[in-house]
Amino acid sequence: MKTEPDTFSLADLEKRAGGIEPWNGVRNYQARNFIRAMRVGDRVLFYHSSCEIPGVAGLAEVASAPRADETQFDPKSDFYDAGAKRADPRWTLVDVHFVAAFPKFVPLTTLREQAGLKKMRLLAPGNRLSVLPVTPEEYQLICQLGGTKKK
DNA sequence: GCCAACGTTGGC
DNA sequence: GCCAACGTTGGC
């Protein structure tokens, strides 16, 4: 899951009550569908984008079932969607729970050097999705690069 | 700040 | 349903 650290970083997540934040504001159908496939306990790589050194900052996990993103119904929200209906919500979120900051930040440049990550969705040209699937192998390799024992 | 990539919108 | 225009993302 991607976030701009200037807006909301892994350190910000850790400081939240219980280390939990509802991941609102996703407004792309493909990304939404990935969220809808999430289950409690799913592991998350926490990626910092649009910053000085983009890369994976650490680990989080899914802490709720997918549910309606309330900001779609709030006219005052930046994420308001006039076309979204209560009876059939258009946009979905999960709660994200802090797990750990990597002892070693894993920059995007390092990810690109890995033979084992050639097919990773995050590294595909023109990728713009804020939520992307990761294979267990990719997850494990990136944990090793980050200096965290695999879980 | 630039630009490539891609999603969305809206005219037809 | 096509496609040009436009907006956004995000690395560099």
Side-chain angles (χ1 to χ4, degrees), chain A residues 1-16 20-38 42-62 64 66-148:
Chain A
M1 299 179 84
K2 288 192 214 171
T3 172
E4 299 187 16
D6 293 345
T7 305
F8 190 82
S9 68
L10 183 59
D12 292 328
L13 179 62
E14 185 174 14
K15 284 181 239 159
R16 281 290 192 271
I20 288 181
E21 176 77 2
W23 209 257
N24 59 28
V26 173
R27 294 295 181 269
N28 170 286
Y29 286 104
Q30 259 188 286
R32 180 205 69 180
N33 292 342
F34 289 137
I35 288 176
R36 288 185 175 181
M38 289 177 173
D42 282 355
R43 304 218 155 252
V44 173
L45 294 171
F46 201 97
Y47 182 86
H48 285 175
S49 67
S50 293
C51 55
E52 195 166 350
I53 306 176
V56 181
L59 303 174
E61 66 184 2
V62 174
S64 79
R67 56 192 167 84
D69 179 345
E70 288 300 316
T71 62
Q72 71 193 296
F73 306 120
D74 178 2
K76 292 188 292 265
S77 170
D78 290 342
F79 304 127
Y80 179 62
D81 182 345
K85 297 191 178 73
R86 282 257 170 216
D88 183 23
R90 183 174 289 173
W91 304 113
T92 305
L93 60 70
V94 290
D95 289 338
V96 173
H97 180 235
F98 175 84
V99 171
F102 279 154
K104 290 184 290 183
F105 183 89
V106 183
L108 177 59
T109 52
T110 301
L111 298 177
R112 291 201 186 281
E113 290 166 2
Q114 305 302 315
L117 299 180
K118 288 281 186 258
K119 293 178 183 167
M120 194 179 183
R121 287 286 292 266
L122 175 75
L123 305 182
N127 139 66
R128 291 177 4 190
L129 295 176
S130 61
V131 181
L132 293 159
V134 179
T135 69
E137 293 77 18
E138 290 163 352
Y139 178 86
Q140 188 174 323
L141 174 53
I142 292 169
C143 284
Q144 286 171 10
L145 293 169
T148 292

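Residue numbering restarts at 1 for every chain, and letters A, B, ... go by the order of the sequence lines.
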Partner residues of A/Glu70 under the salt bridge (charged side-chain N to carboxylate O under 4.0 Å, His left out) criterion, sequence neighbours left out = A/Arg86

Test salt bridge (charged side-chain N to carboxylate O under 4.0 Å, His left out) applied to A/Arg112 - qualifying residues, sequence neighbours left out =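 Result, salt bridge (charged side-chain N to carboxylate O under 4.0 Å, His left out) vs A/Arg112: none returned.
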
Please identify each residue that fulfils side chain to side chain contact (heavy atoms under 4.5 Å, CB included) with [X], with sequence neighbours left out.
| X | answer |
| --- | --- |
| A/Arg16 | A/Phe8, A/Glu21 |
| A/Val131 | A/Met1, A/Val26, A/Ala31, A/Phe34, A/Ile35, A/Met38 |
| A/Ser50 | A/Glu4 |

Quick one: which residue pairs count as a ring pair (Phe, Tyr, Trp, His ring centres under 6.0 Å) with a foot in residues 96-128 of chain A, not counting sequence neighbours?
-> none

Could you pull out the protein-nucleic contacts involving nucleotides 9-12 of chain C (nitrogen or oxygen on both sides, under 3.5 Å)?
residue : atom : partner  : partner atom : Å
C/dG10  : OP1  : A/Lys2   : NZ           : 2.6
C/dG10  : OP1  : A/Arg128 : O            : 3.3
C/dG11  : OP1  : A/Tyr47  : OH           : 2.8
C/dG11  : OP2  : A/Ser50  : N            : 2.9

Pick out the pairs of N or O atoms, protein on one side and nucleotides 1-5 of chain C on the other, that lie under 3.5 Å.
none

Atom CG of A/Asp78 and atom P of C/dT8 are separated, to the nearest Å, by 12 Å

Donor-acceptor pair between A/Asp74 and A/Thr71 side chains, under 3.5 angstrom | no

Residues which pass side chain to side chain donor-acceptor pair (under 3.5 Å) with A/Asp42, listed by chain and number, not counting sequence neighbours | none

